[in-house]
**Q** 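Sharing a structure, written as structure tokens. Questions coming.
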Amino acid sequence: MKKSFFTLEHARQLTEDTYEVVLSGDTSAITAPGQFVNIELPGKFLRRPISICNWTQDALMLLVKVVGDGTRELVRCVPGTEVDVLSGLGNGFDPALAGRHPILAGGGIGIAPLYGLARRMLEAGLPFTVALGFRTGKDAFYLEEFAALGCRLLIATEDGSLGTRGFVTDCIRNVPECDYVLACGPLPMLRAVHGLPQLTGGQFSFEARMGCGFGACMGCTVPTVNGYKRVCKDGPILFREEIVW
Amino acid sequence: MKKSFFTLEHARQLTEDTYEVVLSGDTSAITAPGQFVNIELPGKFLRRPISICNWTQDALMLLVKVVGDGTRELVRCVPGTEVDVLSGLGNGFDPALAGRHPILAGGGIGIAPLYGLARRMLEAGLPFTVALGFRTGKDAFYLEEFAALGCRLLIATEDGSLGTRGFVTDCIRNVPECDYVLACGPLPMLRAVHGLPQLTGGQFSFEARMGCGFGACMGCTVPTVNGYKRVCKDGPILFREEIVW
Amino acid sequence: MVNLEISLAGVALKNPIIPASGTFGYGREYAEAYDLDVLGSFSWKGTTAAPRLGNPQPRIAETPCGMLNAVGLQNPGMDAVIETEVPHIAEIFHGPVIANVGGFSLAEYAENCRKLDAVEQVAILEVNISCPNVHAGGKNFGCDPKSAAEVTRAVKAVTNKPVFMKLTPNVTDITEIARACEEAGADGLCLINTLLGMRIDLRTRRPLLANRTGGLSGPAVFPVALRMVWDVYEAVKIPIIGCGGVSSAEDAAEMMLAGAAAVEVGAANLKDPYACKTIIERLPAVCAQLGVDTISELTGGAHHG
Amino acid sequence: MVNLEISLAGVALKNPIIPASGTFGYGREYAEAYDLDVLGSFSWKGTTAAPRLGNPQPRIAETPCGMLNAVGLQNPGMDAVIETEVPHIAEIFHGPVIANVGGFSLAEYAENCRKLDAVEQVAILEVNISCPNVHAGGKNFGCDPKSAAEVTRAVKAVTNKPVFMKLTPNVTDITEIARACEEAGADGLCLINTLLGMRIDLRTRRPLLANRTGGLSGPAVFPVALRMVWDVYEAVKIPIIGCGGVSSAEDAAEMMLAGAAAVEVGAANLKDPYACKTIIERLPAVCAQLGVDTISELTGGAHHG
Ligand SMILES: Cc1cc2nc3c(=O)[nH]c(=O)nc-3n(C[C@H](O)[C@H](O)[C@H](O)COP(=O)(O)OP(=O)(O)OC[C@H]3O[C@@H](n4cnc5c(N)ncnc54)[C@H](O)[C@@H]3O)c2cc1C
Ligand SMILES: Cc1cc2nc3c(=O)[nH]c(=O)nc-3n(C[C@H](O)[C@H](O)[C@H](O)COP(=O)(O)OP(=O)(O)OC[C@H]3O[C@@H](n4cnc5c(N)ncnc54)[C@H](O)[C@@H]3O)c2cc1C
Ligand SMILES: Cc1cc2nc3c(=O)[nH]c(=O)nc-3n(C[C@H](O)[C@H](O)[C@H](O)COP(=O)(O)O)c2cc1C
Ligand SMILES: Cc1cc2nc3c(=O)[nH]c(=O)nc-3n(C[C@H](O)[C@H](O)[C@H](O)COP(=O)(O)O)c2cc1C
Ligand code: FES
Ligand code: FES
């Protein structure tokens, strides 16, 4: 964990409610894809947790969906705005444990951490497929960025306006050799993916309302097979075996 | 009273803690010198009352002394900042009632409304003297602006580093023909000026902690000879005869 | 079209938004800013039998997301209000008025309410047994269920108008007070009044308010008010006016979901004189988002889940 | 040089700043951020006899200038804390520790405190009779002077360490509870715990917290806490730890002027993990501004004016 100021470089609108936000600053506390940052916003008491979509030594990329005042304010910041950020929070994905045919499964804004994960897995020479789900084609974003990675990319939309008609789970089912998942998305999606019989293991990224984001307040704890865990510190990534719904 | 957005044009430092702040916007609600505006600042629940130093049809000039978080934030605003302002509050000075030899007596940041008053009195062809008091020469500001008006200007500092050694009251005593005062400044100064035997009348500008600034909450009322008055609505200017110390 | 009308103990209001007592005077200052007829009603400044000068200065202090006031019920007295303010209100507001009534004894409360019984514009009496800024020698009537019931009975005996008792949050169990008022015949309740608070001036090392303590209001108290409205909604059958920290149409909707039939807006008016008007204009959109076309459906909506 | 040392019922602290229970765990997470030895003390997470899982999710909601929590005393239980956490604390903090103790019965409070009597690092027992987030069937011990006194006596009987009773603000008269604790032998008091509050999620129309209500803390409650510290300071002779909404060195000084001998900082740590460290670093400058060279002179300073 590191507390430092980042400078907002730009906020670029991707869909009606989703933005790419790039911040420059010291990213040295970030150790794994799937970690998150906790951002202070003027006028808000609690920080806002946002997954790290990607990072370099001196820049941080986030994908932000506007759902309330805090996210709205964040994407409205003008370039040059200084933002107080706690960076390098949470455990992150561990691609080394991802088996032989992993699939990176994301739903909606949940695709954010998968991009950084995919880049790290490419760099490490690990094989993988990416499956992204959206409500409709209009809600889809970051397709070109994922496509540019050169990995296998599957897309599902609920109305069939783009890719497979249906859910991410339908994509995964279409890749029968896939036996491991690295997943992030809304709870119903995680649950559906978790239940796929073809999987022998997986890592799932969870959300929770957070007080601190660094393990001190017990605000975010959830039951697991191995006892209560703090989503912010022991997670946000939980392993398939330990998840209790 | 009018609620509208003003744009900060500049905040210029005058002394260690005093700034000139110029805002552009609709000043149509301002009817008299000595009125004030009530300014909303991000993160502050109550607005901040500030005297109108001067105004044109589309610009507002304030002199602001930094005494706490709110005033600090105001003077730090970058040009272009939009500010929510209630303008045209309070009764203002009435120069028509100011007698034949009025003196405009200001202490510290209290000189602010006297500048606009002096300009209006000049325009109306009314005669007057200006007397300004500061702690030391270093704390003095707006001397050139007052001097440029071409009126008689007297200055007092407590340590004698500039002008007369002493207080504004000493300046006034040095102008024996002066029989009326238009005063703004700290309470002890107002009180001392009020007690000068040479005066037959006067108008005094008061401060009070305010809830609303427009007469609704009874937060700012003070006793007067004519019953309780709201500093924000029935004042901030009270007449010499009605003041109760 | 969303139907914003509500009924408060039989009194029809065109919408549930009511400026709270003490933040709206007798309407004069706001009438200069906008047409008051957009309001559901307004609750006038707490009025006592005798004129009151209120507390010494300073009476106002700022707090995080809120403010303290120690005005101390400054008002011109009931007779002057009926003679001077009521006719003026007739010119600026044509809906039902809520008369907030202060008092220092059972007899005074009763006498004040008796006088108002004949005032046609006044549709509801809001009996303030909760002002933290007056020192009547001992605790507030609102801090004790027996005293609260006594005031309720004394007032009900002299008026035919619906009586709403205004409760203080500075109690261990507000439902106990609420039930006592209901049993004593109250037609409704208004809650909350301000939380007791204080600030100290670091420079002078003295309490900032001349009265030492003051009443905390504004957004800071919203979660406390909401919780109390919820609890009281479960405890009584009479309608509740929810009050405390409301500053947006969303806050008003949240207050109604907790159990409020109508919503008072206090400190928000002081920061933004157009607050109530703006909230009312936004209500239809908020109702649409919530999927209701009759706003009164929101009342208590979060209890039946 | 400003002397920041204070004494709390005979326990010397290098400065008056203490992270508040429930916002600092057992110190582990903060020790990763800074050297805990800058702290006067810290109050560990409320610990009960049995391990507790706490309440279901969500447990946290945001409010204007504050937050609600309904953690529900999640903790590993007293034995595990003494076995696992206490030795770890010895590695990361070398000052006196405040042990916050929860309980659901007189016997449990006594048993917990008895176990701690032998733990050397624990210098003060802070007995939490005020947690709003646990349902022990009925009201809190802290809502009634008799129960509060009973817990105090039960605990005092089994320990030689100074006992501070932690009081709830959700009462009509906190001085009554404070006096009852003093008379029952408490060595000090800590106030306030959180104010009971709630929020409703407009989308789901259900309470945002699974536990429905939660405890309000953060800057929003500062004026309420300050007022209660003032009142209790006038009512008792034992030292007070002031707590509630403190987030700057200025707030800490204001709390001391109101009567606090030491100051706990809660929610501010969650927003800024370095909050306590920053406050401590700023204290000398604030003391200098206030013209004191011994910080303990501030305690109660606003009462003698
Ligand atoms: C580990 C983690 C990673 C996340 N990554 C992303 C991301 O990459 N992109 C993105 O757009 N969003 C992400 N979220 C969700 C994001 O935190 C919320 O959408 C955001 O906090 C909402 O703030 P708001 O002020 O706009 O909404 P409001 O509803 O006004 O927020 C009110 C309060 O609720 C909390 N809250 C609301 N929704 C959520 C939620 N879903 N999860 C946690 N807290 C919530 C807020 O933090 C705040 O405290 C993530 C959440 C977590 C826990
Ligand atoms: C009618 C009127 C005209 C004024 N004109 C000017 C002016 O032209 N230039 C200028 O620099 N200052 C002026 N002041 C004083 C100015 O309002 C305060 O200095 C300012 O509000 C302090 O805000 P803060 O946040 O910096 O200080 P803080 O001390 O943090 O403010 C806390 C609270 O106290 C109130 N407050 C603090 N000091 C005063 C004060 N002296 N009078 C009223 N409220 C106060 C604030 O408004 C706020 O609500 C005027 C005040 C009044 C009433
Ligand atoms: C300046 C001021 C004066 C008030 N005067 C009264 C009053 O006379 N009678 C009363 O019942 N409540 C009075 N109140 C309390 C409000 O009506 C309301 O109950 C309280 O402020 C909480 O609502 P809010 O947070 O929206 O302000 C006053 C509040 C303020 C801020
Ligand atoms: C997340 C959280 C957990 C808390 N847990 C405890 C606890 O276990 N025991 C206790 O006595 N107080 C607990 N408190 C209350 C705080 O110690 C403190 O009394 C209160 O939050 C007010 O201080 P603040 O406004 O600085 O946060 C908790 C507060 C928070 C925010
Ligand atoms: S949010 Fe505080 S422990 Fe996870
Ligand atoms: S500040 Fe509200 S009446 Fe003057």
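Numbers restart at 1 for each chain; the letters A, B, ... are given by sequence-line order, proteins then strands.
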**Q** Under a 4.5 Å heavy-atom cutoff, which of L202(C), T204(C), D201(C) has the most pairs with chain D?
**A**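 That would be L202(C).
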
**Q** What part of Q289(D) gets within 4.5 angstrom of chain C, counting heavy atoms only: side chain, backbone, both, or neither?
**A** neither

**Q** Heavy atoms only, distances under 4.5 angstrom: which of A258(D), P64(D), A220(D) has the most pairs with chain C? Name it, please.
**A** P64(D)

**Q** What distance do N140(D) atom CG and T172(C) atom OG1 have between them, rounded to the nearest 0.5 Å?
**A**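 Here the rounded value is 10.5 Å.
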
**Q** Has R227(C) got a side-chain atom pairing as donor or acceptor with M198(D)'s backbone, closer than 3.5 angstrom?
**A**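 Between the backbone of M198(D) and the side chain of R227(C) there is no qualifying donor-acceptor contact (under 3.5 Å).
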
**Q** Just how far is it from atom CG of L290(C) to atom CZ of R203(D), taken to the nearest 0.5 Å?
**A** 10.5 Å

**Q** So do R205(D) and V292(C) actually touch side chain to side chain, heavy atoms under 4.5 Å?
**A**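 V292(C) vs R205(D): side chains touch.
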
**Q** Could you grab the distance from atom CG of N170(D) to atom CG of N170(C), nearest 0.5 Å is fine?
**A**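 Spacing of CG (N170(D)) from CG (N170(C)) equals 10.5 Å.
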
**Q** Considering only heavy atoms from C-beta outward, does the side chain of D231(C) approach that of R212(D) to under 4.5 Å?
**A** yes

**Q** For the candidates P207(C), A253(C), G218(C), which exhibits the highest count of non-hydrogen atom pairs separated by less than 4.5 Å from chain D?
**A**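 Of the candidates given, the most pairs with chain D belong to P207(C).
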
**Q** Should M256(D) and I200(C) count as side-chain neighbours, where that means a heavy-atom distance under 4.5 Å?
**A**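 Side-chain contact under 4.5 Å: no.
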
